[in-house]
Amino acid sequence: MGRILSGVQPTGNLHIGNYLGAIRNWVKLQEVHETLFCIVDLHALTTLPNPAEMRQYTREVAAAYIASGIDPERSAIFTQSTILAHAELSWIFSCLTPLGWLNRMIQFKEKAGKHREQANLGLYAYPVLQAADILLYKATHVPVGEDQKQHLELARDIAGAFNRQYDVDYFKLPEPLIFPTAARVMSLRDGTSKMSKSDASDYSRIHFLDDPDTIALKIRKAKTDPDPIAGIPEAMENRPEALNLLGIYGAFADLSLVDACRKFEGATFSSLKQSLTDQIISVMDPIRLRMVELLKDPQYIDAILKRGIEKAKGLALKHIGEVHDIVGFLRL
Ligand code: TYM
């Protein structure tokens, strides 16, 4: 049994990439492991959302976790900002992290774009805070989508740097858990870019809160190409949109990409799109309905978060105290 930690930013537009690449996998893990699922509001602050939206999206992520099957009895569901040790450990790690390591981070480069000088320090330090989230709980495994691989490698490097600096064997290196099915769901408008909360087009992604008509419309409008579907993925190497739709179908229907291709060999996109729409709705609509119910009762959501915070806090305070001793802060 290991200790699992992962998180989602409350930045709105939660989509099926977040579900397939992350949340869905967490549900299975909670059966046999100790599980902690954070709502990383400190990370979301790097995008400076307005405060009312931050509150709304925080409860939305909590509702999405619960509606997807994260059981508050088994797992701690909690907000990052309420446990001050996240920010504290992040600072301690900042003092050990060479700028050169951060300069390599692809996500920063993508998010900062051409306006690097205007990007905020929080965005630059984002992966250090993420390392603190993971190591504060001494998590052994971190289930995430493929886009987070580099951040997890950095978390391992930071753990090593801490141990070396203080000549201790305090942090074990956390293992990324990237499930091969739907590790990287692509945009419905462009099969070469990742499905993302920040894409300007709503048609690029399917949201947790999309109703069946909206899902059907978005899939109908999804980009395709003129050729019929081939029976094997290798024959569609230059057809990223086709591969993405088949991959999403497979992920929702519990089929490998190879089996999904075989199933639709020779079919037109319109028949694939019909099956895909039905498949997505059959999984996502019960989740949406449960989310809508939960969101009608914010106090209930807050009570679950408070319980999660209490559970997480025990571990966080124990570990941050030990870290204080290691680095030489007086315990007064
Ligand atoms: P966020 O909110 O951007 O993404 C949440 C999770 O969804 C996965 N994901 C995807 N998976 C497959 N296909 C996609 N198109 C796709 N888009 C997003 C992400 O990989 C992620 O697992 N930095 C984290 C948040 C975080 C965190 C942590 C995670 C902060 N601290 C500690 C683990 C442990 C993130 O990307 O959030």
Side-chain angles (χ1 to χ4, degrees), residues 3-26 29 35-47 49 57-58 60-62 64-65 68 70 76 78-81 83 86-87 89-90 93 105-108 110-111 122-123 125-156 158-159 174-199 204-208 240 244 247-248 251-252 312 316:
R3 183 176 296 141
I4 307 285
L5 179 128
S6 199
V8 169
Q9 297 185 73
T11 38
N13 291 342
L14 209 62
H15 55 70
I16 57 169
N18 302 125
Y19 179 71
L20 295 173
I23 302 171
R24 174 175 83 150
N25 301 320
W26 306 351
L29 290 165
T35 38
L36 299 138
F37 299 116
C38 192
I39 301 165
V40 291
D41 46 4
L42 296 174
H43 279 109
L45 200 60
T46 59
T47 66
Y57 295 152
T58 299
E60 240 173 67
V61 173
Y65 286 2
S68 301
I70 303 296
F78 64 105
T79 47
Q80 183 189 30
S81 61
I83 299 185
H86 287 255
L89 188 59
S90 175
F93 288 163
M105 294 295 116
I106 299 162
Q107 188 170 297
F108 175 75
E110 281 171 1
K111 290 202 171 160
L123 194 63
Y126 180 115
V128 180
L129 178 60
Q130 183 165 348
D133 299 338
I134 297 165
L135 295 169
L136 181 60
Y137 300 94
K138 296 192 163 192
T140 57
H141 296 88
V142 186
V144 284
E146 199 181 71
D147 60 338
Q148 294 303 301
K149 202 166 161 214
Q150 197 186 32
H151 286 173
L152 291 182
E153 279 160 13
L154 185 81
R156 290 164 62 89
I158 291 177
E175 294 289 338
L177 272 185
I178 299 172
F179 291 79
T181 318
R184 193 176 180 83
V185 176
M186 308 309 275
S187 156
L188 299 177
R189 308 297 289 166
D190 169 7
T192 62
S193 68
K194 193 184 69 169
M195 184 177 287
S196 151
K197 295 177 196 158
S198 55
D199 192 313
S204 68
R205 59 185 170 253
I206 290 174
H207 298 138
F208 273 63
N244 188 38
I248 297 173
F252 276 110

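Each ligand, and each atom within it, is numbered from 1 in the order the structure gives. Computed over heavy atoms, backbone and side chain alike; hydrogens, waters and symmetry mates excluded.
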Contacts of Thr79 meeting side chain to side chain donor-acceptor pair (under 3.5 Å) (sequence neighbours excluded), chain-then-number -> Thr82
- Apply salt bridge (charged side-chain N to carboxylate O under 4.0 Å, His left out) to the pair Asp199 and Arg205, showing each step before the final yes or no. CA-CA 8 Å; Asp199 192 313; Arg205 59 185 170 253; 5.1 Å; no
The reported gap from NE2 in His207 to NE2 in His15 (rounded to nearest 0.5 angstrom) is 7.5 Å
So the side-chain hydrogen bond (donor to acceptor under 3.5 Å, both in side chains) pairs with at least one residue in residues 178-187 (sequence neighbours excluded) are none
When you measure from the centre of the six-membered ring of Tyr126, is the NZ or CZ of Lys111 closer than 6.0 Å and no more than 45° off the axis? yes
Using heavy atoms and a strict 4.0 Å limit, residues surrounding ligand 1 turn out to be Leu5, Ser6, Gly7, Val8, Gln9, His15, Gly17, Asn18, Gly21, Ala22, Val40, His43, Tyr126, Gln130, Asp133, Ile134, Val142, Val144, Gly145, Asp147, Gln148, Ala182, Ala183, Arg184, Val185, Lys194, Met195, Lys197
Sequence neighbours excluded, the answer for ring pair (Phe, Tyr, Trp, His ring centres under 6.0 Å) partners of Phe78 is Tyr137
